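Scope of the values below: all heavy atoms of this structure, side chains included, with no hydrogens, waters or symmetry mates. Predicted model only: the values in this text are computed from it and were never measured. In listed order, ligands and their atoms are each counted from 1.
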Amino acid sequence: MQNFRQTCTSGQAVIGTFVAIPHPVAVEVAAASGLDFLCIDWEHAQIGRERIEDLIRASAVHQVPAMVRVPGHAPEAIAAVLDAGAAGVLVPRVSTAAQAISAVQATRYPPAGARGVGPGRAAAYGYRIPDYLSRANDSLLLAIQVETAEGLANIEAIAAVEGVDLIFIGPGDLSVSIDAMGPANAGKLNAAIETIASAARKAGKRVGIFRPSADDIGRWMRSGISFYILASDTMFLGASLAAGVAAARENAKGWS
Ligand code: 3PY
Ligand code: MG
């Protein structure tokens, strides 16, 4: 059976969503939906560190890998979520090769990196440290986000960093950073996305992207992007409720 890193680097399309609701019930509902993975969003959602382990555990009930987007570049945050049993990390706002190297150092055990050994949930609370050490570097996904003008300018050096598995494009931040917001600037933004995707693919890295809806996944597959984070639990909840309410109002017309 493939581990999470192998699945995400195989080139097959993998579809996940962001977890922003900090409750195991929401995680179980999302995990049971058929998604390939979940990404707990510690960067932008109001999730406390202690809660992350419970969210990872809830996803594991359904055998769905849960990775975590950490709130910055601190090695301690990366270590905390990996020790809790995350299947990988998504490190936001990586703009230089040095920042990418630091993410590798925090994610990989020696000799590939400098991650510290701890008796966390990932290592069965200390009972299976040798077993975890023997498979962690091979099975944990390290995805870094390129989403700034500086990251775009440095993409070749960033993509060349050994130990990074996947370059994930954040179109929201990227559009703000390169001044390409709104439909009128879609051409400029898409060109920047293509530049990042093609440099990453040339360096042998897989490419991912955030999409708010499923409408254009096929278009980005053709650009060699295979890893998708599709909206978030809160976005799906809102969209589904809004559609349900609109349908109910439509149905009620003519009856009152
Ligand atoms: C962005 O669009 O900026 C993101 O980080 C999406 O995940
Ligand atoms: Mg972003």
Q: Closer than 4.0 angstrom, basic N to acidic O: yes or no for R121 and E50?
A: no
Q: Taking only distance into account, with no hydrogens and no angle test, what donor-acceptor pairs under 3.5 Å do side-chain atoms of residues 73-83 form with protein atoms, sequence neighbours excluded?
A:
{"unit_1": "H73", "atom_1": "NE2", "unit_2": "P92", "atom_2": "O", "d": "2.7"}
{"unit_1": "H73", "atom_1": "NE2", "unit_2": "R93", "atom_2": "O", "d": "3.2"}
{"unit_1": "D83", "atom_1": "OD1", "unit_2": "R115", "atom_2": "NH2", "d": "2.8"}

Q: Using a threshold of 4.0 angstrom between heavy atoms of the protein and any atom of ligand 1, which residues qualify?
A: F18, R69, Q145, E147, F168, G170, P171, G172, D173, F210
Q: Are T7 and F37 close enough, and set up right, to give a side chain to side chain contact (heavy atoms under 4.5 Å, CB included), and what steps lead you there?
A: CA-CA 10 Å; T7 303; F37 71 98; over 6 Å; no
Q: With no hydrogens and no angle check, is any side-chain donor or acceptor of Q6 less than 3.5 Å from a backbone partner on N3?
A: yes
Q: Any chance the side chains of S10 and Q12 put a donor and an acceptor closer than 3.5 Å?
A: yes
Q: Would L38 and L55 satisfy side chain to side chain contact (heavy atoms under 4.5 Å, CB included), going step by step from the backbone distance to the final call?
A: CA-CA 10 Å; L38 298 177; L55 302 182; over 6 Å; no
Q: Under a 4.0 Å N-O cut-off, is there an ion pair linking R206 with D165?
A: no
Q: Just wondering, do D54 and R57 contact through their side chains at under 4.5 Å, heavy atoms?
A: yes
Q: Below 3.5 Å, can you tabulate the donor-acceptor pairs from side chains in residues 197-204 to any protein atom, sequence neighbours excluded?
A:
{"unit_1": "R201", "atom_1": "NH1", "unit_2": "K205", "atom_2": "O", "d": "3.0"}

Q: Tell me the protein N, O or S atoms under 2.8 Å from the Mg ion (ligand 2), in chain and number order.
A: E147 OE1, D173 OD2
